[in-house]
Number of protein chains: 2
Amino acid sequence: MDELLPKFESVFSIDCVIFGFDAGELKVLLIERNEEPFKDWFALPGYIVGQQESIDDAAERILNELTGLRGLHMEQFHTFGEVNRHPQGRVVTVAYYALIRINGQKELRPVTQYARKAFWHPVNELPKLAFDHSEIFNTGFNKIRRRLSYQPIAFELLPEKFTLTQLQMLYEAILNKKLDKRNFRKKMLSYGFLKELDEKQRGVSYRAAKLYKFDKRKYTKIFQNELTVEG
Amino acid sequence: MDELLPKFESVFSIDCVIFGFDAGELKVLLIERNEEPFKDWFALPGYIVGQQESIDDAAERILNELTGLRGLHMEQFHTFGEVNRHPQGRVVTVAYYALIRINGQKELRPVTQYARKAFWHPVNELPKLAFDHSEIFNTGFNKIRRRLSYQPIAFELLPEKFTLTQLQMLYEAILNKKLDKRNFRKKMLSYGFLKELDEKQRGVSYRAAKLYKFDKRKYTKIFQNELTVEG
DNA sequence: CCAAAAGTGTTGGGATTACACCCATGC
DNA sequence: GCATGGGTGTAATCCCAACACTTTTGG
């Protein structure tokens with residue numbers, strides 16, 4: 001099969017690891033490939049960078065073309081450059097990740113023929129993925145785990161209004177361990193960037209929980225200082 | 001000038017930010033370029049990745065050719081992919097860093113004609129560098145600063161035997177702030193991976209300090225657990 | 001009234017900070 | 001004997017982990 005395909009001299013590509021959270025489960029966005037190589041396989045959304053676009057711009061364009069998503073803030077996390085990671089030639093790929101709200105998003109609809117469909121898949125029990133995408137996924141997953149322990153990135157995954165229990169379930173899904181309810185709440189509230197709303201949960205058959213939202217102003221004020229090294 | 005040079009379609013390159021510590025000062029390894037573009041400028045050691053080598057292998061080869069250094073463990077930290085970062089065409093560069101002992105190293109001697117010389121330069125008062133290398137350096141510097149706060153990577157910069165004051169000076173140079181002597185020593189010793197030697201400093205005109213070295217076995221035992229995410 | 005999840009405080013241990021003086025050595 | 005850096009302890013505070021019961025609500 002390899003011989004029938006065009007060979008690349010050297011190209012860069014982008015692969016995206018997009019996390020979402022839905023029904024108490026952490027999910028990752030996959031596509032079903034519609035082109036060789038690895039036709040019909042599941043893969044991370046990814047494609048080749050154009051000559052006249054920065055890699056950051058390319059990441060946004062490619063994700064949009066393959067999934068229909070637009071305008072999310074992705075961050076580069078690792079570059080994969082083994083010689084034979086792509087059967088058609090030398091392709092070095094820069095991997096990006098993002099965390100998004102599944103609910104708030106429109107339907108996933110690939111724009112190109114390159115992907116047959118895009119869909120959310122639970123991060124547990126991931127099938128084998130095309131290329132070295134399983135490794136890319138694992139690297140990205142470890143990255144956000146570690147990052148979550150020192151930066152509250154989790155709210156990017158939640159709807160605008162959420163309960164503390166939802167937030168805790170998300171932390172538990174990412175960190176893969178149980179957390180203590182009282183300690184968790186105490187700590188989250190102590191940061192000071194959670195804003196308690198007057199609203200409560202609706203439609204549940206038990207005591208309704210208070211809803212919160214993130215106060216982005218306070219959040220950035222608190223955390224920009226920790227990241228900058230002055231001097 | 002640009003018109004006279006060959007144009008690249010798309011290539012990857014490696015740039016290296018190598019930190020050293022000498023005479024109480026943190027330094028970075030630079031080269032003086034001997035080729036257009038940016039001939040005669042100072043730059044980070046960097047060059048183009050070959051078709052048949054992984055980016056990790058390329059990093060080691062390139063550093064060796066430009067500086068004579070060999071076999072150090074470098075780690076990738078960011079990929080720079082702006083369209084016009086290289087005047088001759090599209091060059092995406094993967095940046096690596098490493099920390100090494102200046103004293104233990106042989107003389108710096110470029111193997112290729114591409115660099116006229118390689119030398120250590122204090123990280124403060126860095127001159128303007130070729131391409132976007134100033135930005136690359138800053139990104140790398142911030143990376144090791146942040147990393148130092150949660151991982152004791154500083155040893156890699158010190159000679160095998162060192163005093164606690166030297167270690168503290170190094171931390172202060174990287175973090176760019178004064179530390180309390182007693183607290184610093186208490187904390188470092190509490191980790192348990194510093195081995196006190198029977199030897200003392202020699203040739204100083206004041207009370208000689210005890211020498212220590214790192215117990216690598218204990219060090220890795222302690223810190224491998226922190227990095228692994230079980231699950 | 002029952003099931004289900006919401007909500008709420010205290011305590012002990014470990015880590016971190018702040019802080020100042022005497023000691024050993026070479027010259 | 002003096003200048004220079006080496007070496008040392010304690011108290012106050014903060015942060016984290018452990019732990020269980022009452023309240024509210026819909027059905």
Side-chain angles (χ1 to χ4, degrees), chain A residues 21 23-25 145-146 148-152 154 158-159 161-173 175-213 222-223 225-226, chain B residues 21 23-25 146 148-152 154 158-159 161-173 175-213 222-223 225-226 230:
Chain A
F21 186 65
E25 251 191 337
R145 274 187 184 135
R146 215 165 302 163
L148 186 70
S149 349
Y150 63 93
Q151 252 188 76
L158 290 172
K161 302 172 183 179
F162 53 87
T163 69
L164 291 179
T165 301
Q166 286 168 346
L167 184 62
Q168 183 177 346
M169 287 196 325
L170 173 53
Y171 267 76
E172 291 177 345
L175 300 176
N176 196 30
K177 64 179 175 192
K178 282 273 157 214
L179 300 172
D180 179 88
K181 183 158 66 159
R182 275 175 292 190
N183 291 338
F184 180 81
R185 286 164 180 242
K186 211 183 316 168
K187 190 169 166 188
M188 281 298 147
L189 292 174
S190 77
Y191 286 134
F193 51 63
L194 288 184
K195 189 163 168 185
E196 187 180 329
L197 301 177
D198 284 335
E199 256 173 293
K200 295 200 165 186
Q201 238 178 348
R202 319 195 103 238
V204 291
S205 70
Y206 47 80
R207 178 176 176 179
K210 279 182 208 156
L211 291 172
Y212 290 81
K213 68 176 190 181
I222 294 166
F223 282 88
N225 296 336
E226 290 200 9
Chain B
F21 186 65
E25 250 190 338
R146 216 165 301 165
L148 187 70
S149 346
Y150 63 94
Q151 251 186 77
L158 289 172
K161 302 171 183 179
F162 53 87
T163 69
L164 291 179
T165 300
Q166 286 169 345
L167 183 62
Q168 183 177 346
M169 286 195 326
L170 174 53
Y171 267 77
E172 291 177 345
L175 301 177
N176 197 30
K177 65 178 175 194
K178 283 273 159 213
L179 301 171
D180 179 87
K181 183 157 66 160
R182 276 175 292 190
N183 292 337
F184 180 80
R185 286 165 180 240
K186 210 184 317 168
K187 188 169 167 190
M188 281 298 147
L189 292 173
S190 77
Y191 287 135
F193 51 63
L194 288 184
K195 189 163 166 185
E196 187 180 330
L197 302 176
D198 284 336
E199 255 173 293
K200 295 199 166 185
Q201 238 178 349
R202 318 193 103 239
V204 290
S205 70
Y206 46 80
R207 179 175 175 178
K210 279 184 207 154
L211 291 172
Y212 290 80
K213 69 175 191 184
I222 295 166
F223 283 88
N225 296 337
E226 291 200 8
E230 72 284 5

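Only heavy atoms go into these numbers, but all of them, side chains included; no hydrogens, no water, no symmetry mates. By convention in this document, chain letters (A, B, ...) are assigned in the order of the sequence lines, proteins followed by strands, and residues within each chain are numbered from 1.
Of the residues in residues 181-190 of chain B, B/Arg182, B/Asn183, B/Lys186 come within less than 4.0 Å of DNA chain C through at least one heavy atom, sorted by number.
Close to C/dA5, at under 4.0 Å from its OP1 or OP2, lies no side-chain N or O of A/Thr165. A close approach under 4.0 Å does occur between a side-chain nitrogen or oxygen of A/Lys210 and OP1 or OP2 of C/dT8.
D/dG6 atom C1' lies 10 Å from atom OH of B/Tyr212, rounded to whole Å. Nucleotide D/dG6 holds its P atom 17 Å from the CD atom of B/Glu199, rounded to whole Å. Separating the CZ atom of A/Phe162 from the P atom of C/dA6 is a distance of 14 Å, rounded to the nearest angstrom. Between B/Asp180 atom CG and D/dG7 atom P the separation is 15 Å, expressed in whole Å. Atom CG of B/Leu211 and atom C1' of D/dG7 are 15 Å apart (whole Å). At whole-Å resolution of the value, CD in A/Gln166 and P in C/dG7 are 11 Å apart. We find that NZ of B/Lys177 is positioned 13 Å from P of C/dT16, with the value rounded to whole Å. The CG atom of B/Leu179 sits 14 Å away from the C1' atom of C/dA18 (whole-angstrom rounding).
Side-chain contact annotation: A/Arg185 with A/Thr165, donor-acceptor N/O pair under 3.5 Å present.
Judged purely by atom type and a 3.5 angstrom limit, B/Glu172 uses its side chain to pair as donor or acceptor with the backbone of B/Leu179. In terms of modelled atom types and a separation under 3.5 Å, the side chain of A/Gln151 and the main chain of A/Leu148 share no donor-acceptor contact.
Contact annotation: the side chain of A/Ser149 never approaches that of B/Tyr150 to less than 4.5 Å [non-hydrogen atoms, C-beta and beyond]. In this structure the side chain of B/Tyr171 never reaches within 4.5 angstrom of the side chain of B/Lys177, judged on heavy atoms. Residues B/Asp198 and B/Leu211 are not in side-chain contact: their nearest non-hydrogen atoms beyond the backbone lie 4.5 Å or more apart.
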Exercise. Using a 4.0 Å cut-off on protein heavy atoms (strictly under), produce a 5'-to-3' string for nucleotides 22-27 of chain C with B for base contact, S for backbone-only sugar-phosphate contact, and - for none.
Key: -BBBS-
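With axes fitted over five pairs at each extremity, the angle between the ends of the helix from C/dC1-D/dG27 to C/dC27-D/dG1 is 0° (10° resolution).
Counting only residues at least two apart or in different chains, salt bridge (Lys or Arg N to Asp or Glu O under 4.0 Å) contacts with residues 187-197 of chain B comprise B/Glu196-B/Lys210.
Residues B/Leu170 and B/Ala154 share a closest heavy-atom pair of CD2-O, 3.4 Å.
If you check every strand for non-hydrogen atoms under 4.0 Å, B/Thr163 touches nothing.
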Exercise. Might you work through the ring pair (Phe, Tyr, Trp, His ring centres under 6.0 Å) test for A/Tyr212 and A/Phe162, ending with a clear yes or no?
Key: CA-CA 5 Å; A/Tyr212 290 81; A/Phe162 53 87; 7.0 Å; no
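In this structure A/Asn183 satisfies the side-chain hydrogen bond (donor to acceptor under 3.5 Å, both in side chains) test together with A/Asp180, A/Lys186, sequence neighbours excluded. By the side-chain hydrogen bond (donor to acceptor under 3.5 Å, both in side chains) test, B/Glu199 is found to be paired with B/Lys161, residues two or more places apart in sequence or in another chain being considered.
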